[in-house]
Amino acid sequence: AQRVTQPEKLLSVFKGAPVELKCNYSYSGSPELFWYVQYSRQRLQLLLRHISRESIKGFTADLNKGETSFHLKKPFAQEEDSAMYYCALTQGGTSYGKLTFGQGTILTVHP
Amino acid sequence: GAVVSQHPSWVICKSGTSVKIECRSLDFQATTMFWYRQFPKQSLMLMATSNEGSKATYEQGVEKDKFLINHASLTLSTLTVTSAHPEDSSFYICSARGPVAGEYEQYFGPGTRLTVT
């Protein structure tokens, strides 16, 4: 069975500092990985997915199949980045879209 | 952008009663809808997947007779918690997946907080 692990429940940084939210996964096949973000009192929304290899709001994430990781990075954190971040995985085929979520990391960016 | 709504946003019911939660895709057709459950300070757990016009498929450990899912149209799925008990109190979140601007994306609803007394 697939599993997603986010080892940090809480992460605090100061504005302008680099930030890295860790995500590791276990899955025997070829998964698709996502990062979702939930700002205060808002719904969950997609931040980025590994297949598009794009940068959203300054965040990037690279899939490392050797280390089974998909860490989220941003070189200069902003206060508005404070939110809950979830790493998620979906399988291919008929199970595509069924998301397995990590426990989430609460990021707090201090002024 | 695509929007998914849920109704009600919160509900309190007495133990033994049933509660229906609606999930609607407002401006796109959702070929697939997913229902998740989130306990306080925990992650989202997939409960079931529903495709329009067919029976829902439930994840292991989820009682299908307890959590009735109906996906009657391409814009509406309902989750009915039957004979609710306090342990069913949770935050229920739906997501809808369908073509938006030519791409298949998945969008989440705002969630429904259920409290069973």
Side-chain angles (χ1 to χ4, degrees), chain A residues 1-11 21-27 31-54 56-57 83-108, chain B residues 1-7 9-10 23-26 30-52 54-62 69 71 77 91-101 103-113:
Chain A
Q2 64 273 17
R3 185 169 183 163
V4 178
T5 303
Q6 292 178 250
E8 303 138 330
K9 277 194 172 182
L10 303 169
L11 186 60
L21 289 83
K22 291 185 168 51
C23 172
N24 288 90
Y25 67 91
S26 62
Y27 178 58
E32 186 169 338
L33 276 295
F34 305 84
W35 276 99
Y36 282 86
V37 61
Q38 187 169 29
Y39 299 104
S40 180
R41 298 182 183 177
Q42 293 188 29
R43 67 189 67 196
L44 206 61
Q45 55 185 285
L46 178 66
L47 180 62
L48 53 79
R49 60 175 70 188
H50 89 267
I51 59 171
S52 47
R53 301 184 65 83
E54 56 190 345
I56 305 293
K57 298 184 179 182
M84 169 73 94
Y85 291 81
Y86 290 100
C87 182
L89 170 158
T90 189
Q91 304 171 55
T94 56
S95 294
Y96 189 85
K98 295 184 180 182
L99 293 169
T100 299
F101 285 90
Q103 291 296 96
T105 298
I106 299 173
L107 173 64
T108 303
Chain B
V3 177
V4 175
S5 70
Q6 282 185 242
H7 177 80
S9 54
W10 60 271
C23 176
R24 291 181 186 273
S25 57
L26 298 185
T31 50
T32 308
M33 285 186 172
F34 304 90
W35 286 95
Y36 294 85
R37 183 173 181 176
Q38 186 176 32
F39 290 103
K41 298 184 180 180
Q42 294 190 32
S43 189
L44 289 81
M45 297 288 291
L46 179 66
M47 297 174 66
T49 303
S50 73
N51 292 294
E52 185 264 340
S54 60
K55 287 185 178 180
T57 56
Y58 291 79
E59 296 300 302
Q60 193 172 13
V62 178
I69 291 172
H71 192 160
S77 176
F91 196 55
Y92 293 88
I93 303 170
C94 75
S95 70
R97 185 167 181 268
V100 177
E103 299 269 351
Y104 268 80
E105 293 288 352
Q106 186 169 164
Y107 298 90
F108 284 81
T112 296
R113 184 163 303 284

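Letters A, B, ... are given to chains in the order of the sequence lines, protein chains preceding strands, and every chain is numbered from 1.
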(request) Kindly give the heavy-atom pair with the smallest separation between B/Gly109 and A/Arg43, and that separation in Å. (result) O-CB, 3.7 Å
(message) Please classify the contact of A/Leu46 with chain B as side chain, backbone, both or neither, using a heavy-atom distance under 4.5 Å.
(response) side chain
(request) Against chain A, label B/Thr49 side chain, backbone, both or neither, depending on which of its atoms sit under 4.5 Å from a heavy atom there. (result) side chain
(request) Under 4.5 Å heavy-atom distance to chain B, tell me which part of A/Arg49 shows up: side chain, backbone, both or neither. (result) side chain
(request) Identify the heavy atoms of B/Ser43 and A/Gln103 that sit nearest to each other, and give their distance. (result) CB-OE1, 3.4 Å
(request) Against chain A, label B/Ser95 side chain, backbone, both or neither, depending on which of its atoms sit under 4.5 Å from a heavy atom there. (result) neither
(request) Check whether any side-chain heavy atom of A/Leu44 sits under 4.5 Å from a side-chain heavy atom of B/Leu44, and report yes or no. (result) yes
(message) Nearest 0.5 Å, please: how far is CZ in A/Phe101 from CD in B/Gln42?
(response) 14.5 Å
(request) Give, as side chain, backbone, both or neither, the part of B/Tyr107 having an atom under 4.5 angstrom from any heavy atom of chain A. (result) neither
(request) Using non-hydrogen atoms and a 4.5 Å limit, figure out which bit of B/Gln60 sits close to chain A: side chain, backbone, both or neither. (result) neither
(request) Report, by ascending residue number, the residues of residues 84-91 of chain A in heavy-atom contact with chain B at a distance under 4.5 Å; give 'none' if the set is empty. (result) A/Tyr86
(message) Aromatic contact between A/Tyr36 and B/Phe108, with the criterion being ring centroids under 6.0 Å apart: yes or no?
(response) yes
